[in-house]
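Computed from a predicted structure; not experimentally measured. Every chain is numbered from 1 and lettered A, B, ... according to where its sequence line falls, protein lines coming before strand lines.
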Amino acid sequence: MSYWVFKSEPGEYGIDHLIAEKNKTTRWDGIRNYQARNNLRDQVALSDLVLFYHSSCKKIGIAGTMKVVKAAYPDPAQFDRHSRYYDAKSDRDNPRWYCVDVCMVEKFTEVISTSSLKANPVTAEMQIFKQSRLSVAAVSAAQWRAVQRLNGQLA
DNA sequence: GCCAACGTTGGC
DNA sequence: GCCAACGTTGGC
């Protein structure tokens, strides 16, 4: 089993949106970056655990955790002319973009801020801080545990 | 709202 | 295949 971090702007879609979903489950779609797509399509597996990262907002950081409940399948939005994620160049026989389904696991009582993540020697090494703009990134088991510990300190 | 980082596009 | 122009991301 692997660990991941998915980024989203809570103004667009945050952890409270996920909580409000039927079965607290949603399609994680709209990924339009090739490296993130490769991770999503080729690496992210059923039952993997995911950190929910809130970006571009007041309280930037990790808001909680999710679980992958459906492995990668073609993102339907790429074929929907009316979607902001429509991609005219994508071919139904060879889809360009993929998505997964995730469900809520835990909302942290406090968002774990980027400053505290960067202050911790383990979480400071997370890929999202080394490589900007990667919205689906790997997290090591040690990093995952460190995040859980930080959450325990805040709770 | 600014702007640095950086991925993508498109002309050559 | 190079690289300048452009658009987007995302922290501050």
Does Ser132(A) reach a base, just sugar-phosphate, or nothing at all? Heavy atoms under 4.0 Å.
sugar-phosphate

Whole angstrom value for the distance that separates C1' of dG7(B) from CZ of Arg96(A)
14 Å

Calculate the interatomic distance between Asp87(A) atom CG and dT8(B) atom P; express it in whole Å.
12 Å

How about Asp80(A) and Tyr85(A): does a side-chain donor come under 3.5 Å of a side-chain acceptor?
no

Between C1' on dC12(C) and NZ on Lys118(A), what's the gap in Å once rounded to a whole number?
10 Å

Selection from dC12(C), dG7(B), dG10(C) that lies nearest to any side-chain heavy atom of Thr114(A):
dC12(C)

Between atom OH in Tyr34(A) and atom C1' in dT9(C), what is the gap in whole Å?
17 Å

Rounded to the nearest Å, what distance is computed from the CG atom of residue Leu134(A) to the P atom of nucleotide dG11(C)?
13 Å

Single hit among Arg32(A), Arg92(A), Arg96(A) for salt bridge (Lys or Arg N to Asp or Glu O under 4.0 Å) with Asp87(A)
Arg96(A)

How about Arg145(A) and Tyr3(A): does a side-chain donor come under 3.5 Å of a side-chain acceptor?
no

What does Tyr53(A) touch in the nucleic acid at a heavy-atom separation under 4.0 angstrom: a base, only the sugar-phosphate, or nothing?
sugar-phosphate

Rounded to the nearest Å, what distance is computed from the CD1 atom of residue Ile128(A) to the C1' atom of nucleotide dT9(C)?
13 Å

To the nearest angstrom, the CZ-P distance between Phe129(A) and dC6(B) comes to 15 Å

Would you say a side-chain N or O of Lys7(A) is under 4.0 Å from OP1 or OP2 of dT9(C)?
no

Atom CZ of Arg133(A) and atom P of dG7(C) are separated, to the nearest Å, by 13 Å

Ring centers of Phe52(A), Trp4(A) separated by less than 6.0 Å:
no

Ranking dC12(C), dA5(B), dG10(B) by distance to the side chain of Lys89(A), first place goes to dG10(B)

